Every structure is written in structure tokens, then in C-alpha cells.
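All remarks here apply to the structure that follows.
FYI, side chains are in, hydrogens and waters are out, and symmetry mates aren't considered; it's all heavy atoms of this structure. Because the structure is predicted, anything quoted here is derived from the model rather than measured. Every chain is numbered from 1 and lettered A, B, ... according to where its sequence line falls, protein lines coming before strand lines.
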2 protein chains.
Amino acid sequence: MIRTQALTFTQDCNDCPIRHRAVCARCETDELARLEEIKYYRRFEAGQSVVWSGDRMDFLGSVVNGVATLTQTMEDGRTQMVGLLLPSDFVGRPGRVEAAYDVTATTDLVMCCFRRAPFERMMHETPHIAQRLLEMTLDELDAAREWMLVLGRKTAREKIASLLAIIARRNALVGTADDHAVTLELPLTREAMADYLGLTLETVSRQISALKRDGVIVLTGKRHVAVPDLVRLMAEAGDDTDGGLPA
Amino acid sequence: MIRTQALTFTQDCNDCPIRHRAVCARCETDELARLEEIKYYRRFEAGQSVVWSGDRMDFLGSVVNGVATLTQTMEDGRTQMVGLLLPSDFVGRPGRVEAAYDVTATTDLVMCCFRRAPFERMMHETPHIAQRLLEMTLDELDAAREWMLVLGRKTAREKIASLLAIIARRNALVGTADDHAVTLELPLTREAMADYLGLTLETVSRQISALKRDGVIVLTGKRHVAVPDLVRLMAEAGDDTDGGLPA
DNA sequence: CGCACACTTGACGAATCTCAAGAGCTGTGG
DNA sequence: CCACAGCTCTTGAGATTCGTCAAGTGTGCG
């Protein structure tokens with residue numbers, strides 16, 4: 001078993017890796033102190049479920065470390081991923097106790113959880129939390145709408161390229177910034193990618209092979225991807241080539 | 001030219017048809033008074049554009065009457081609808097001046113617009129507006145995610161049934177409530193439906209014909225649809241049959 | 001060594017798209 | 001009043017993409 005995730009994690013909000021990006025980003029010192037009192041950490045192993053759709057959820061929280069997925073499943077088993085939760089993303093809906101989606105850890109995962117009742121009280125009393133949550137929710141809505149375009153109108157090849165581009169963008173810090181080249185580690189199995197993209201895992205596999213054959217990506221191990229030319233990748237995704245790159 | 005929309009509309013918030021559902025739903029009398037000062041109405045004819053993606057948008061607002069769509073378009077012309085805006089829905093994003101999507105009136109449309117700067121100021125000063133907007137945004141996010149399942153995993157037939165079910169649900173007031181039967185008026189052309197569903201207009205037409213042939217719907221005019229059995233329709237949509245019906 | 005698991009590859013078939021023709025409706029102008 | 005143009009919508013035939021079913025590869029682990 002690989003242990004890339006740190007075994008220990010921050011108890012003090014000031015040292016937290018997502019301090020300035022998560023729902024607490026705008027909190028002042030005194031507000032953070034209140035949050036400290038109602039928070040606790042939970043870990044999940046890769047593959048483990050965080051909650052099932054319909055379950056009672058008596059916490060709300062942020063992903064601190066690792067990756068989780070939000071999925072919806074039809075009665076006959078067809079599954080669609082509706083969100084990819086990366087560090088700083090928020091889980092749960094204030095005012096709604098029943099989980100609307102399945103949440104699953106796809107890597108080892110650390111979450112910072114807030115007890116529901118006091119957190120919801122705080123939301124009403126301190127505007128900073130609600131403001132930040134609104135902003136994050138609007139961002140998620142934009143992301144969901146971008147994904148609707150991917151699901152509704154892109155070809156299988158474009159879908160794969162779009163997913164790689166999204167992961168590359170959120171991993172931007174890791175890649176060498178010098179020349180539009182990036183390497184990334186896929187946090188998802190082929191099946192999870194298929195569920196995200198509205199494809200079958202066979203089609204995912206075939207299109208990854210095709211992108212490799214055409215030199216758009218270089219595979220070194222099943223999950224490790226090198227992108228020699230990010231502009232090329234984004235063109236394959238059908239996106240405007242100009243957006244999102246460092247000048 | 002048909003004139004189903006009222007020619008005059010409320011100037012007084014207290015008589016407004018969306019008073020208790022829109023972004024202003026939770027406002028007190030004094031807050032309404034402030035909104036009255038910064039609001040104005042705009043009308044659009046069916047087919048007219050409200051804003052283009054990338055345009056500067058110096059207002060935010062609510063749909064009062066009529067239907068508008070939110071769409072995204074790729075360079076090669078492929079189009080995906082990412083939102084259907086019905087009365088009470090909110091348009092625009094606080095804090096972002098550039099429109100992210102094309103907004104188009106698909107019927108004659110009345111919007112209640114707020115001047116951006118004073119509205120954003122009010123959002124910071126009065127919690128009721130921000131709270132309500134958060135709630136509405138969370139609802140839209142849920143709707144977008146439900147739509148991701150439709151786009152990614154449903155068949156053409158299920159997609160059509162899903163769209164009809166959504167329209168039927170939001171028109172629930174109109175239908176006879178006695179026996180799970182509903183009639184509805186499609187506010188969209190076949191092409192707009194196709195853009196919503198990630199299909200071609202030919203496939204939309206064929207599937208509507210098929211649902212008609214199978215007795216799931218009855219067409220009286222191209223746009224007027226009678227649904228004899230809403231439970232049947234929802235089963236065709238692949239949804240749980242139990243949700244959403246009056247007991 | 002063999003099993004489990006994630007992934008790849010191939011052959012075939014089904015669902016959907018593309019291209020094309022035509023039907024039905026509305027408004028316009030002779 | 002009729003003919004016609006301009007729409008939206010329908011229907012058909014063939015092409016294409018993607019899904020299904022099935023076999024096979026590679027790696028790690030007991």
C-alpha cells in the first residue's frame with residue numbers, strides 16, 4: 001500500500017493547507033477560533049464511502065487532502081459522476097440533512113468536518129462564511145455547466161482530453177511552468193473516468209490509447225501521464241486555446 | 001402574433017407574481033423599498049437575445065414572466081443549453097461583470113433588473129438577499145447535476161421524457177391535479193430541445209413521435225402536449241416513480 | 001504459481017447523427 | 001382568394017460513433 005498522503009495533518013487552522021481556499025477562507029481569527037471548536041477530522045481510505053445518497057449527514061466539511069467523487073446512480077445501475085472533489089472543495093448542503101449523492105474517496109482522504117447545527121448557526125451569524133460559500137457554490141455551478149457541454153456535445157476523444165485538461169489545470173502548481181508541458185497523476189480508475197465522462201470504460205481505454213498513439217500524451221505507468229504540449233491537449237479538448245495558461 | 005403574456009406588469013413589488021420565490025423572497029418591507037429604487041423592467045420578444053457571452057452586464061435580475069435559456073457554444077457551432085430560466089430564476093453573477101453564457105428569450109420575456117453596483121452593495125449589507133441567493137444557487141447546482149445524469153447516461157427517449165417531466169413539474173399548478181394527468185405547452189423549439197438534451201433536432205422529433213405512437217403523450221399541435229399518465233412519463237424518464245407527485 | 005484486479009484490444013451490433021426530401025402552417029402580395 | 005416563400009417539424013436511408021460482449025495482457029499479492 002502506497003502512503004503518499006501525510007499520516008498526520010494539521011489541527012491548527014493557521015497551518016492548514018486549504019486555509020485560504022476553503023469555506024473558511026475569509027474568516028477572521030475569532031471566527032476561526034469558533035470553527036476550531038466545532039470541527040473534527042475524518043480519514044477515509046481509497047475506495048471507501050464517505051456517505052451514501054439518502055443517508056443522514058450530520059456534518060458539513062471540506063476536503064483537506066486527497067480526492068473524492070460525487071456520483072448519482074439510477075435503479076438499473078447506470079452511474080454518472082457529478083462532481084470531483086479536490087482539496088478545499090466543500091461537501092454537504094446547509095439546511096439539508098439527507099445526502100443527495102454518493103460521496104466516495106478515490107484516494108486516501110482527509111476531511112475537515114463541522115458539526116452541522118453549530119456550523120449552520122455560525123453561517124447566519126457571521127457573513128464571511130456564507131459569502132465564501134456562495135462564491136464557491138457559484139464556481140461549482142459554472143464548473144457543472146462547463147461539464148454539461150462536455151457531456152452533451154463533445155466526442156469521446158474530446159471528453160478524455162477535457163478531463164486531462166481539467167486535472168492538469170488544477171495541478172498547475174506541480175507541472176514545470178517553463179514550456180506548456182505538464183505531468184499529472186490520474187486520481188481515477190478508467191471506470192471512474194468513464195462515469196465522469198458518460199462513456200464506457202472500454203471507450204475510455206481506447207481513446208487514451210489513441211491520444212498516446214498520436215503523441216498528445218505520453219503514458220508512463222497506467223496512471224501517470226505526461227502532457228508535452230498543453231496547448232495541443234486543449235485544442236484536442238475543443239477548448240479555446242488561449243485560456244488558462246500562464247503568460 | 002399571440003399575446004398570452006400580459007402587456008402590463010407590476011411596478012409594485014407587493015403585487016409581483018414572483019415576490020415570494022425570487023431573490024427578494026425573504027426581504028422585509030424596508031428592504032423591498034430599497035430594491036424598488038434600483039430596479040427597472042425590461043422586455044424581450046421571443047427569439048431576442050438578452051446578453052451574449054463575454055458581454056458586459058451591468059445589471060442582475062429575475063425572470064418575471066416568460067422563458068429564457070442559458071447556452072454555451074463551441075467555436076465550430078456546437079451548442080449546449082446549460083440552463084432553462086423560468087419565472088423567479090435569477091440571471092447574472094454578483095461580482096462578475098462579463099456574462100459567462102448567452103441568454104436568449106424563447107418566449108416573450110419580462111425581467112426585473114437591478115443595477116449592479118447598488119445591488120451588490122445591498123447584498124453585503126442585508127443578509128436576506130445573500131441567503132436567498134445561496135439557496136437558489138444550491139438549487140440550481142442540484143438541477144445542473146441532475147441534468148448531468150440526463151446528458152451522460154440516458155437514452156434519447158429517456159432524455160425527451162425527462163425534459164417533459166421537468167416542464168410538467170414546474171407547470172404543476174396548471175395541470176388538473178385530480179389524476180396524474182397534465183397538459184403543457186412546450187416553450188422550446190425542437191432545436192432548442194435538442195440543444196438542451198445533447199441530441200440533434202431530428203432525433204428529438206423522432207423520439208417525440210415514438211412517445212406519441214406509444215401513448216405516453218398526446219400531441220395537439222406541435223407544441224401542446226397532453227400527458228395522460230405522469231407516472232408513466234416519469235418511468236419512461238428512468239426516474240423513481242414515487243417522487244414529486246401530490247399525495 | 002495462480003488468482004485478483006485494472007486495463008487493453010478486437011469484432012460486432014445498436015443508437016444516434018448526417019444528409020436529404022417532403023409535409024404542414026403562416027403571413028404576404030398579386 | 002390563391003400562390004408562394006419562409007419557417008418548423010417529420011420522416012427516410014445510409015454512415016458513424018460508441019456500446020456490448022469477449023478474450024487477452026500485465027502487475028501485485030497470497
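A straight line from CD1 of A:I160 to P of C:dC7 spans 12 Å, rounded to a whole angstrom. With rounding to whole Å, A:E202 atom CD is found 12 Å from C:dC7 atom P. Rounded to whole angstrom, the span from the CG atom of A:L199 across to the C1' atom of D:dG19 amounts to 10 Å. The distance from atom NE2 of B:H224 to atom C1' of C:dC25 is 18 Å, rounded to the nearest whole Å. Between B:R153 atom CZ and D:dG19 atom C1' the separation is 10 Å, expressed in whole Å. The interatomic distance linking B:R223 (CZ) with D:dC7 (P) rounds to 15 Å, in whole Å. At whole-Å resolution of the value, CD in B:Q207 and P in D:dT11 are 12 Å apart. Rounded to an integer number of Å, the gap from CG of B:L186 to P of D:dT10 is 10 Å.
Comparing B:T203 and A:I208, the nucleotide of DNA chain C nearest to each residue sits closer to the 5' end for A:I208. Comparing B:L188 and A:A156 along DNA chain D, the residue whose closest nucleotide (by nearest heavy atom) sits nearer the 5' end is B:L188.
Heavy atoms of B:S205 sit under 4.0 angstrom from at least one base atom. B:G221 comes within 4.0 angstrom of nothing in the nucleic acid, heavy atoms only. Heavy atoms of B:S209 sit under 4.0 angstrom from primed sugar atoms or phosphate atoms, though from no base atom.
The OG atom of A:S162 sits 9.5 Å away from atom CG of A:L151, with the distance rounded to the nearest 0.5 Å. Taking CD from B:E202 and CZ from B:R190, the interatomic distance works out to 12.5 Å, rounded to the nearest 0.5 Å.
Here the nucleotide nearest the side chain of A:T189, chosen from C:dC7, C:dT18, D:dC9, is C:dC7.
Salt bridge annotation for A:R78-B:E158: present, with a cationic side-chain nitrogen under 4.0 angstrom from a carboxylate oxygen. No salt bridge links B:R232 with B:D214; every basic N to acidic carboxylate O contact stays at or beyond 4.0 Å. Taking the charged nitrogens against the carboxylate oxygens, A:E140 and B:R145 do have a contact shorter than 4.0 Å, which makes a salt bridge.
For C:dT18, the base has a donor-acceptor partner in the side chain of B:R206 [N/O atoms by modelled type, under 3.5 angstrom].
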